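Bear in mind that the values here come from a model prediction, so they are computed numbers and not experimental data.
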Amino acid sequence: MAAATNSILLKLKPKIKIKICNPLFGYPRSNSSASPSIPHLFSTTTLPYADADSDCSSEIKATADANPNFIHPSADVHPNAIIGHGVSVGPFCTIGSSVKLGNGCRLYPGSHVFGNTEIGDHCLLMPGAVVGDHLPGRTVLGCNNVIGHHAVIGVKCQDLKYKPGDECFLHIGDNNEIREHTSIHRSSKSSDKTVIGDNNLIMGSCHIAHDCNIGNNNIFANNTLLAGHVVVEDYTHTAGAIVVHQFCHIGSFSFVGGGSVVSQDVPKYTMVVGERAELRGLNLEGLRRNGFTATEIKSLRTAYRNIFMPVDSNSTSFEERITKVEEDKELGKITAVCTMIQSLRDSFAQNRRGICKFRYFSGS
């Protein structure tokens, strides 16, 4: 057993110490009672550190010794991979030659990182997760991201217009939780990229297609499916099993009801639902939860009624009603109202799909 796990010294400087756990995936010992104990024997090996091009200071060496890496013997880690401090790699994992792993990352058994992929500090890959692909271009993940069981991130898009050999890109920010069986694809062309911001919760079995642009602090419930080029702003919330047509925009602080098929834009602050999603009012609960004041909510309700619920829809056009709200002395001073008006105008700009249908009815 000792012979099978003897130290391997690579002639690379500087080097950091990596401990190999045998036979099971283990974590560093700690004084904290929360850390699992490791009853197995360890042997040490070395891999290149991220700052291998420069001389390693005594302080960095001390940090490396204090935060050893743990690589299971059955893991396939390419010697050219750049590994940070305190990284744990479980059984049957794969780390490719162009991969960069940040400090404190943990790869659970059977997770894989391929291609030109950079993963920031303290990311967690659950069993079966796949990040990156052997394609031109790059996949970048920020810090503190969780990639769930059997999620597939940063692979080739499902667009027939993609030409083999073209560069394609995926950039994911920080503090995202991407749950089991989710798929997120790279862009379809080198001039674009798929982007996901920070602090998003993407629940199980969601799909984010090529060239989508997702903002921050969004919640996508299970089986939220976004086609290519969809734009989702910030603080949106989707219920389960919804579909969004390509090139649609989902405005900030909006809500999409379960089972909806969204084929046109969802304006900011609104709520839509339906087999062909229709506007059903403001997302009042979402506005309250996100700190909108009573004055702002009251003004938004007034503006919404004037635009979408007129007493006589035949007396004025949609554009005239928007202009009237925009020129109102009171409503025009409220930033949230002005933002909603701009969202509506943008949806009717060139190459946009317009807004979801709405019904003329009274009440709130």
Side-chain angles (χ1 to χ4, degrees), residues 199-201 214-221 224 230-240 242 244 248-349 352-364:
N199 305 305
N200 297 291
L201 171 58
I214 312 301
N216 306 316
N217 301 290
N218 297 292
I219 299 175
F220 297 162
T224 291
V230 167
V231 175
V232 180
E233 297 180 0
D234 303 327
Y235 294 96
T236 68
H237 192 167
T238 71
I242 71 112
V244 182
C248 285
H249 286 230
I250 310 297
S252 297
F253 301 100
S254 61
F255 179 86
V256 181
S260 297
V261 176
V262 179
S263 57
Q264 293 177 287
D265 291 0
V266 179
K268 290 179 187 286
Y269 314 129
T270 62
M271 179 170 55
V272 301
V273 69
E275 187 273 333
R276 279 294 183 267
E278 296 181 346
L279 284 167
R280 297 297 175 88
L282 294 172
N283 179 22
L284 296 176
E285 187 59 33
L287 296 176
R288 295 188 188 102
R289 290 182 180 182
N290 286 286
F292 282 72
T293 65
T295 299
E296 288 175 317
I297 293 175
K298 181 179 178 180
S299 299
L300 284 169
R301 294 183 72 165
T302 301
Y304 185 92
R305 288 195 189 100
N306 291 343
I307 295 171
F308 296 107
M309 303 164 63
V311 176
D312 184 1
S313 60
N314 295 322
S315 61
T316 55
S317 67
F318 184 74
E319 174 63 29
E320 289 172 336
R321 296 197 297 273
I322 290 179
T323 302
K324 185 176 179 180
V325 170
E326 204 170 27
E327 295 175 349
D328 187 280
K329 292 182 179 180
E330 296 299 325
L331 297 178
K333 297 178 182 178
I334 306 299
T335 302
V337 173
C338 296
T339 303
M340 184 176 73
I341 295 297
Q342 188 58 52
S343 174
L344 294 172
R345 291 197 182 282
D346 290 344
S347 292
F348 291 98
R352 294 283 291 272
R353 298 184 57 82
I355 63 171
C356 289
K357 299 295 185 289
F358 54 94
R359 301 178 183 179
Y360 295 110
F361 58 92
S362 60
S364 73

Q.
How long is the straight-line distance from CD1 of Ile341 back to CZ of Arg321, given to the nearest 0.5 Å?
A. 11.0 Å
Q) Within the side chain of Asp265, is there an N or O that forms a donor-acceptor pair under 3.5 Å with the backbone of His249? A) yes
Q. Are any non-hydrogen side-chain atoms of Val337 and Leu300 less than 4.5 angstrom apart?
A. yes
(Q) Whether Glu278 and Arg276 form a salt bridge (side-chain N of Lys/Arg under 4.0 Å from carboxylate O of Asp/Glu) is what I want to check. (A) no
Q) In Å, rounded to the nearest 0.5 Å, how long is the span from CZ of Arg301 to CE of Met309? A) 9.0 Å
Q | Backbone N/O of Asn199 and side chain of Asn216: donor-acceptor pair under 3.5 Å | A | no
Q: Work out which heavy atom in Ser299 is nearest to a heavy atom in Leu331; give both atom names and the distance.
A: O-CD2, 3.6 Å
Q. Should we count CZ of Phe292 as having more than 12 external heavy atoms under 6.0 Å?
A. yes
Q: List the atom of Gly281, the atom of Tyr304, and the distance in Å for their closest heavy-atom pair.
A: N-OH, 3.1 Å
Q | Nearest heavy-atom neighbours spanning Val325 and Ala303 | A | CG1-CB, 3.8 Å
Q: Check step by step if side-chain contact (heavy atoms from CB on, under 4.5 Å) holds for Phe348 and Ile322.
A: CA-CA 12 Å; Phe348 291 98; Ile322 290 179; 5.5 Å; no
**Q.** Atom pair CG (Asn218) and OG (Ser254), whose distance is rounded to the nearest 0.5 Å
**A.** 8.5 Å
(Q) How close do Cys248 and Val262 get, counting heavy atoms only, and between which atoms? (A) SG-O, 4.0 Å
Q) Do you know which two heavy atoms are closest between Val266 and Cys356, and how far apart they sit? A) CG2-SG, 4.1 Å
Q. Quick one: CG on Leu287 to OH on Tyr269, what's the gap to the nearest 0.5 Å?
A. 8.0 Å
Q) How long is the gap from CZ on Arg353 to CD on Gln264, to the nearest 0.5 Å? A) 6.5 Å
Q.
With a 4.5 Å cut-off on side-chain heavy atoms, are Pro267 and Leu279 touching?
A. yes
Q | Charged N-O contact under 4.0 Å between Glu319 and Arg345 | A | yes
Q. Which heavy atom in Cys338 sits nearest to a heavy atom in Gly332, and how many Å separate them?
A. SG-O, 3.3 Å
Q) Can Val232 and Ile214 be said to form a side-chain contact (heavy atoms from CB on, under 4.5 Å), step by step? A) CA-CA 5 Å; Val232 180; Ile214 312 301; 3.7 Å; yes
Q) Run the side-chain contact (heavy atoms from CB on, under 4.5 Å) check on Ile355 and Phe308 step by step: do they pass? A) CA-CA 12 Å; Ile355 63 171; Phe308 296 107; 3.7 Å; yes
(Q) With rounding to the nearest 0.5 angstrom, report the NZ to OG distance, Lys268 to Ser347. (A) 10.0 Å
